[in-house]
Peer 1: 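Take a look at this one; I'll ask things after.
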Amino acid sequence: MWPATEHFGTHFAARAEAIDGEASVGDHLQAVYHLWLVGHQVEHGRAPWLDPYTFRPESSPRVNFGGWPFGPPFWPLEAAFGSVVAWNVLLLLTYLAAGGFTFLWLRELGLPRGAALVGGLVFELAPYRVAQSAGHLRGMVAVLLPLALWAFERSRRSSRWWLLGAGAAIASIPFSDLHLALGAVPFFLFYAVCRSRDRWTLVGALMGAACAVGAALLVSRFAIHGSIASRGRSLREVEVYSATGLDFLSRHRRHGPEGFVFLGWLTPLLAIAGLVFVVRARRYGLAVALAVGAVVPVVLALGTHFPLYDWLWHHFKPLRYPRVPERQMPVACLAIAALVAFAVLWITRRFSSLVTVCYLLVLAALFADLRLWVSSYRVASADPGNAAYAALRGEPPGRLLELPVLHPSDNHGSLYLYYDMQAQRQRPGGYSTLAPTRAGTLALQLEPLGCGEWRPGAEELLRRLGVRYIAFHAGLFDPADQSWFAWRSLSAHGWGELARGGSVTTFAQGRPTSPPSMPEPAGRIVFCPEWNGASPRYRHGAFWAHGRRLQVVLTTRAPVRTTFSVEGRRVRSVRVVAGDRLGIPLGSPGWHLVGVDLRRSDRGLRLAKIRVS
């Protein structure tokens, strides 16, 4: 976890984006929030599986599936040491669990301690599992798979009651990671069929898999149904995150963290040797199970680069929901770790007089192959006591809105989740790729506030939502110039400063107004979030112009009726054909909000040239 271990008590061990004056943004903040909710709810005498704060009032309290199974152990750690240390300690414990459960499973397969230890370390240090532990819960949840396999093997050699443990472990995966369950549950069942012919053992394994399917259906019913992801992902989205053959050999993130599928250079070769050894030992069922577990997730990770993926995507409905096709890679990491352990057993048998030397050499080589030149962690700022949010704890009831307003699928929204651990306020916003559709629509309605555009009905909408406080995150505005207009418009509508903490400022109605804390934009044009470059993404777009007259040249793929307004007043309406030049009076010198409304939003309108005088 180095270099994060140098700041173990003050910073999160995670891969995150630094934000000036605020906590670093990353998926670890979302994970910490979901884990924290479990104990927080219990302490207040409420249902531990509910989230009472997010997407309110557009949604009823949502089920906090991400709190299981690590929320209960996180609770006492967080109560004793705070969320930062609790996260770092839990992360270390899951490293121990990943290696330990794999070791125990391999021991049940008859491997000696040394070989089983090597296999456990290979899974523990698997680059993909490590990378997914630096933010996502996937790296942590992956430890449940070797736990399930160990309990299954124990049921074959000891008591069938162990099947309850195997079923509980495999059924817990869908709650925190439904996408990993798409690979882990079928692999568990396939492994059981390959390893046993006992009818009751297979029935127990089948019941465990059935419980996992039931858990997945439960998540689908209460989280996916009616969400922004209810229709699944498109193949175009999958293509963006599909791995290539080179990604499996590259130690660097060529396409960001989601495309990182490095398996090592020496490790796959040892796994192949281990598979040959298992086949020669005539353990055919185990060989088939491990070979399928190692190969299938790797093939699926290729996504649209695999010729049959398109056919699978169309004919296997659950495959339409993961945007990232490599989500089943922990299965491959575990199967490869087991095969490496068998390869080590073969090596030590060949050089029986140098067993200790062989183990030391193999361990050193594998550590260098999997970890030495692979960096997954960063030192992520925590900001656990932000004064702007702490001030809200003593204020009268009222919901909280954050600016800029982010769509629920924007991962920067995890910062808002994290800070709400301090404010503990209901919020219209939130961060979830499974957010309710109404929450996504509401975010688009509120988004213009982050650029200082208060459309008709905006104040009434805030009153209906019960918003009495606004948290202004200056470090999240993109471009930063929008923040000046957002602050100025808040003051113009009666919102004054309540408290500051870093680059975060909280506002409340009726408080004394103050000038923006950031400098006025130096340019003469500032586009609002509804724009993609110089093209509006929707039927309405707005930008700020500084001057008395605006000159624009408009281009379009097809004729479209376009209306320009200034400060909400309609000024010009033209039918744009191609290369139209238009002059728009703005009025007195200074900044003016210019609105652009289209009759159709798919005509490719673009402001080819724009000048303010």
Peer 1: Between Trp36 and Trp75, does the ring centroid distance fall short of 6.0 Å?
Peer 2: no
Peer 1: Can any side-chain N or O of Thr441 pair as donor or acceptor with the backbone N or O of Thr437 at less than 3.5 Å?
Peer 2: yes
Peer 1: Is it true that the side chains of Tyr33 and Ser83 contain a donor and an acceptor less than 3.5 Å apart?
Peer 2: no
Peer 1: Using the benzene-type ring in the case of Trp, are the ring centres of Phe12 and Tyr418 under 6.0 Å apart?
Peer 2: yes
Peer 1: Does a salt bridge link Asp369 with Arg251, judged by any charged N lying under 4.0 Å from a carboxylate O?
Peer 2: yes
Peer 1: For Leu442, does its backbone N or O pair with a side-chain atom of Glu58 as donor and acceptor, under 3.5 Å?
Peer 2: no
Peer 1: How are the rings of Tyr191 and Phe152 set to each other: parallel, tilted or perpendicular (split at 30° and 60°)?
Peer 2: perpendicular
Peer 1: Assess, by modelled atom type and distance only, whether the side chains of His473 and Glu402 contain a donor and an acceptor separated by less than 3.5 Å.
Peer 2: no
Peer 1: Are Phe175 and Leu218 packed together at the side-chain level, in the sense that at least one heavy-atom pair is separated by less than 4.5 angstrom?
Peer 2: yes
Peer 1: Under the 3.5 angstrom rule, does the side chain of Ser227 hit a backbone N or O of Pro436 as a donor-acceptor pair?
Peer 2: no
Peer 1: For Val84 and Ala382, work out which heavy atoms get closest and say how close.
Peer 2: CG2-CB, 3.4 Å
Peer 1: Among side-chain atoms of Trp161 and Ser155, is any donor-acceptor pair under 3.5 angstrom?
Peer 2: no
Peer 1: Looking at Tyr431 versus His407, is the centre-to-centre ring distance below 6.0 Å?
Peer 2: no
Peer 1: Strictly distance-based, threshold 3.5 Å: is any side-chain N or O of Ser24 a donor or acceptor partner for the main-chain N or O of Ser381?
Peer 2: yes
Peer 1: Going by side chain to side chain contact (heavy atoms under 4.5 Å, CB included), Tyr416 matches just one of Leu476, Thr54, Asp410. Which one?
Peer 2: Leu476
Peer 1: Is there side-chain contact between Val299 and Leu308, with heavy atoms separated by less than 4.5 Å?
Peer 2: no
Peer 1: Under 3.5 Å, is there a donor on one side chain and an acceptor on the other for Asn411 and Ser414?
Peer 2: no
Peer 1: If you compare all heavy atoms of Thr102 against all heavy atoms of Gly119, which two are closest, and at what distance to 0.1 Å?
Peer 2: CG2-O, 3.8 Å
Peer 1: I'd like to check Leu334 versus Trp105 (side-chain heavy atoms, cut-off strictly below 4.5 Å). Are they in contact?
Peer 2: yes
Peer 1: Examine Phe70 together with His34 and report whether their ring centres are nearer than 6.0 Å.
Peer 2: no
Peer 1: In terms of heavy-atom contacts, does CH2 of Trp313 have more than 12 from other residues, nucleotides or ligands at under 6.0 Å?
Peer 2: yes
Peer 1: How are the rings of His28 and Trp87 set relative to one another: parallel (under 30°), tilted (30 to 60°) or perpendicular (over 60°)?
Peer 2: tilted
Peer 1: Within the structure provided, determine whether Leu37 and Tyr53 are in side-chain contact (heavy-atom separation under 4.5 Å).
Peer 2: yes
Peer 1: Mind listing the closest non-hydrogen atom pair of Leu300 and Pro325 along with its distance?
Peer 2: O-CB, 3.3 Å
Peer 1: How far does CD1 of Ile228 sit from OG of Ser409, to the nearest 0.5 angstrom?
Peer 2: 5.0 Å
Peer 1: Please answer whether the main-chain N or O of Gln422 pairs with a side-chain N or O of Asn386 as donor and acceptor at a distance below 3.5 Å.
Peer 2: no
Peer 1: Using a 3.5 Å distance criterion without hydrogens, assess whether the side chain of Ser250 forms a donor-acceptor pair with backbone atoms of Leu246.
Peer 2: no
Peer 1: Working to the nearest 0.5 Å, report the span between CZ of Arg233 and OH of Tyr241.
Peer 2: 8.0 Å
Peer 1: Is the closest side-chain heavy-atom distance between Leu145 and Leu180 below 4.5 Å?
Peer 2: no
Peer 1: Checking Arg138 against Tyr128: charged group under 6.0 Å from the ring centre and within 45 degrees of the axis?
Peer 2: no
Peer 1: For the residue pair Tyr419 and Tyr389, categorise the inter-ring angle as parallel (less than 30°), tilted (30 to 60°) or perpendicular (more than 60°).
Peer 2: parallel
Peer 1: Val185 versus Ile170: any side-chain heavy-atom pair under 4.5 Å?
Peer 2: yes
Peer 1: Would Arg62 and Ser432 count as a side-chain contact (heavy atoms from CB on, under 4.5 Å) if you check the C-alpha gap in whole Å, the side-chain angles of each, and the deciding distance to 0.1 Å?
Peer 2: CA-CA 11 Å; Arg62 305 179 72 243; Ser432 174; 4.2 Å; yes
Peer 1: Can you tell me how far the CG atom of Leu446 sits from the CG atom of Leu403, to the nearest 0.5 Å?
Peer 2: 9.0 Å
Peer 1: Would you name the heavy atoms of Pro297 and Val292 that are closest together and state the gap between them?
Peer 2: CD-O, 3.8 Å
Peer 1: Can Asp27 and Arg15 be counted as an ion pair, charged N to O under 4.0 angstrom?
Peer 2: no
Peer 1: Are Leu401 and Arg427 close enough that some pair of their side-chain heavy atoms sits under 4.5 Å apart?
Peer 2: no
Peer 1: When you measure from the side chain of Asp51 to the backbone N and O of Asn64, does any donor-acceptor pair fall under 3.5 Å?
Peer 2: no
Peer 1: Please report the interatomic distance OG(Ser59) to CD(Gln426), rounded to the nearest 0.5 Å.
Peer 2: 10.5 Å
Peer 1: Counting N and O atoms only, with roles assigned by atom type, does the side chain of Asp198 sit under 3.5 Å from a partner on the main chain of Thr201, one being a donor and the other an acceptor?
Peer 2: yes
Peer 1: Would you check if there is a donor-acceptor pair between the side chains of Asp177 and His179 at a distance under 3.5 Å?
Peer 2: no
Peer 1: For the residue pair Ser230 and Gly226, what are the closest heavy atoms and their distance?
Peer 2: CB-N, 3.9 Å
Peer 1: May I ask you to say whether Glu153 pairs ionically with Arg195, meaning some side-chain N is under 4.0 Å from a carboxylate O?
Peer 2: yes
Peer 1: Between Arg107 and Leu111, is there a donor-acceptor pair closer than 3.5 Å when you use the side chain of the first and the backbone of the second?
Peer 2: yes
Peer 1: How long is the gap from CD on Glu124 to CG on Leu370, to the nearest 0.5 Å?
Peer 2: 11.0 Å
Peer 1: Is it the case that the side chains of His40 and Glu78 hold a donor-acceptor pair, with the cut-off being a distance below 3.5 Å and no angle test?
Peer 2: no
Peer 1: Please find the pair of heavy atoms, one from Cys194 and one from Gly285, that lie closest to each other, and give the distance.
Peer 2: CB-O, 3.3 Å
Peer 1: Can you tell me how far apart OG (Ser234) and CZ (Arg320) are? Round to the nearest 0.5 Å.
Peer 2: 12.0 Å
Peer 1: In the structure I gave you, are the side-chain heavy atoms of Pro318 and Leu182 within less than 4.5 Å of one another anywhere?
Peer 2: yes
Peer 1: Please check this pair: side chain of Ser220 against backbone of Ala216, looking for a donor-acceptor N/O pair closer than 3.5 Å.
Peer 2: no
Peer 1: Just checking Arg157: does its CZ atom have more than 12 heavy atoms from other residues, nucleotides or ligands closer to it than 6.0 angstrom?
Peer 2: yes
Peer 1: Taking atom CZ as the centre, does Arg231 end up with more than 12 heavy-atom neighbours from other residues, nucleotides or ligands that are less than 6.0 angstrom away?
Peer 2: no
Peer 1: Can Thr244 and Asp247 be counted as having a side-chain donor-acceptor contact under 3.5 angstrom?
Peer 2: yes
Peer 1: More than 12 foreign heavy atoms under 6.0 Å from CE of Met421: is that the case here?
Peer 2: yes
